[in-house]
Amino acid sequence: MADVLLLHSVFGLRPAVPAAADRLRAAGHRVTTPDLYGVPAARTVEAGFALFGEIGHEAVLDRARAAVAAMPDETVLAGFSMGAGIAGALLAERPRAAALLLMHGTGGAPESVRAGLPVRLHLADPDEYETDAEVDEWRAAMGDAGAEVVVHRYPGPGHLFTDPDTPDFDALAAALAWDRVLTFLADV
């Protein structure tokens, strides 16, 4: 059983995030899903980016820090898209994190990696926000720093393919991703 901090995408705390948390809880994990915006979720990605811009990266990061503060040091840091980036940013302050679980976006910097850190990335192929070259560079840098990185690519779906409330949703890719996530978390 793992403790998991699960951070939402740029849309905000949409129904897909608590649903994902429920899926993880059903497998025996303890999951925290903070609202990093404190306002209703955006309906479009453009509105989400505008909302993120208004709130600001530091305020969002501070809210994530506050949510993880009471959690065990060995918490799995996880997130969707923008939330993956925030989870990765927290790694610098949480060196004993059990793992880094990234859905729909890269996160984490090589200087924040401890040797043996399990990192899993689940990404559309292609992904409109992460080029193959960027992913390859990130994977190599994280691996060189000592992380145990596995990248799962899902050919065909859109960026947020696990969110059933987006046009990107792909039921088959989402089911495979969640199977992989549950297997990964069972071993953390």
Side-chain angles (χ1 to χ4, degrees), residues 4-21 24 31-71 75-94 97 99-113 119-139 141-142 151 153-154 157-170 173-174 177 181:
V4 181
L5 176 70
L6 186 59
L7 304 173
H8 61 71
S9 74
V10 75
F11 279 96
L13 191 58
R14 295 163 50 93
V17 180
L24 300 180
V31 185
T32 299
T33 56
D35 183 349
L36 302 178
Y37 288 174
V39 297
R43 293 182 182 212
T44 66
V45 71
E46 295 81 13
F49 278 115
L51 196 53
F52 179 72
E54 290 171 24
I55 295 166
H57 183 267
E58 280 306 309
V60 167
L61 188 56
D62 286 344
R63 290 173 181 167
R65 285 180 181 122
V68 78
M71 297 180 77
T75 294
V76 174
L77 303 175
F80 296 99
S81 192
M82 174 211 73
I86 299 297
L90 290 174
L91 190 58
E93 302 164 21
R94 307 281 297 195
L100 189 58
L101 174 60
L102 308 170
M103 305 295 291
H104 316 295
T106 58
E111 60 271 13
S112 302
V113 170
V119 178
R120 296 297 179 274
L121 170 62
H122 298 267
L123 196 64
D125 185 16
D127 187 278
E128 64 186 296
Y129 298 104
E130 305 268 358
T131 68
D132 289 346
E134 290 168 335
V135 173
D136 291 345
E137 183 178 327
W138 170 85
R139 177 188 352 207
M142 295 290 278
V151 177
R153 300 299 301 252
Y154 300 83
H159 177 68
L160 282 174
F161 64 87
T162 62
D163 185 336
D165 295 325
T166 68
D168 294 344
F169 180 66
D170 183 293
V181 165

Parallel, tilted or perpendicular for His8 and Tyr37, by the 30°/60° rule? perpendicular
Rounded to the nearest 0.5 Å, what's the gap from [atom1] on [X] to [atom2] on [Y]? Could you check?
| X | Y | atom1 | atom2 | answer |
| --- | --- | --- | --- | --- |
| Arg43 | Leu51 | CZ | CG | 13.0 Å |
| Leu7 | Phe80 | CG | CZ | 9.5 Å |
| Leu102 | Met142 | CG | CE | 7.0 Å |
| Met103 | Thr162 | CE | OG1 | 4.5 Å |
| Met71 | Thr32 | CE | OG1 | 3.5 Å |
| Phe52 | Ile86 | CZ | CD1 | 5.0 Å |

Step-by-step side chain to side chain contact (heavy atoms under 4.5 Å, CB included) determination, Leu100 to Val113: CA-CA 10 Å; Leu100 189 58; Val113 170; over 6 Å; no
Assess whether ring-ring contact (aromatic ring centres under 6.0 Å, His included) is satisfied between His104 and Tyr129, documenting all intermediate values. CA-CA 9 Å; His104 316 295; Tyr129 298 104; over 10 Å; no
Compare all side-chain heavy atoms of [X] with those of [Y] and state whether any distance is below 4.5 angstrom.
| X | Y | answer |
| --- | --- | --- |
| Leu90 | Leu5 | yes |
| Val135 | Leu121 | yes |
| Asp125 | Asp132 | yes |
| Glu134 | Thr106 | no |

Begin from the C-alpha positions of Leu160 and Ser81 and carry the test side chain to side chain contact (heavy atoms under 4.5 Å, CB included) through to its verdict. CA-CA 8 Å; Leu160 282 174; Ser81 192; 4.1 Å; yes
[X] (side chain) donor-acceptor with [Y] (main chain) under 3.5 angstrom:
| X | Y | result |
| --- | --- | --- |
| Arg139 | Val151 | no |
| Asp168 | His159 | yes |
| Arg65 | Glu93 | no |

Nearest non-hydrogen partners of [X] and [Y], listed with the distance:
| X | Y | value |
| --- | --- | --- |
| Asp163 | Thr166 | O-OG1, 3.0 Å |
| Ala177 | Phe161 | CB-CE1, 3.9 Å |
| Leu123 | Gly105 | CD1-N, 3.8 Å |
| Val45 | Phe11 | N-CE2, 3.4 Å |
| Arg153 | Asp127 | NH2-N, 4.1 Å |
| Leu6 | Gly79 | CD1-N, 4.3 Å |

Start with the C-alpha distance between Tyr154 and Asp170, add both sets of side-chain angles, then the distance that settles side chain to side chain contact (heavy atoms under 4.5 Å, CB included), and finish with yes or no. CA-CA 10 Å; Tyr154 300 83; Asp170 183 293; over 6 Å; no
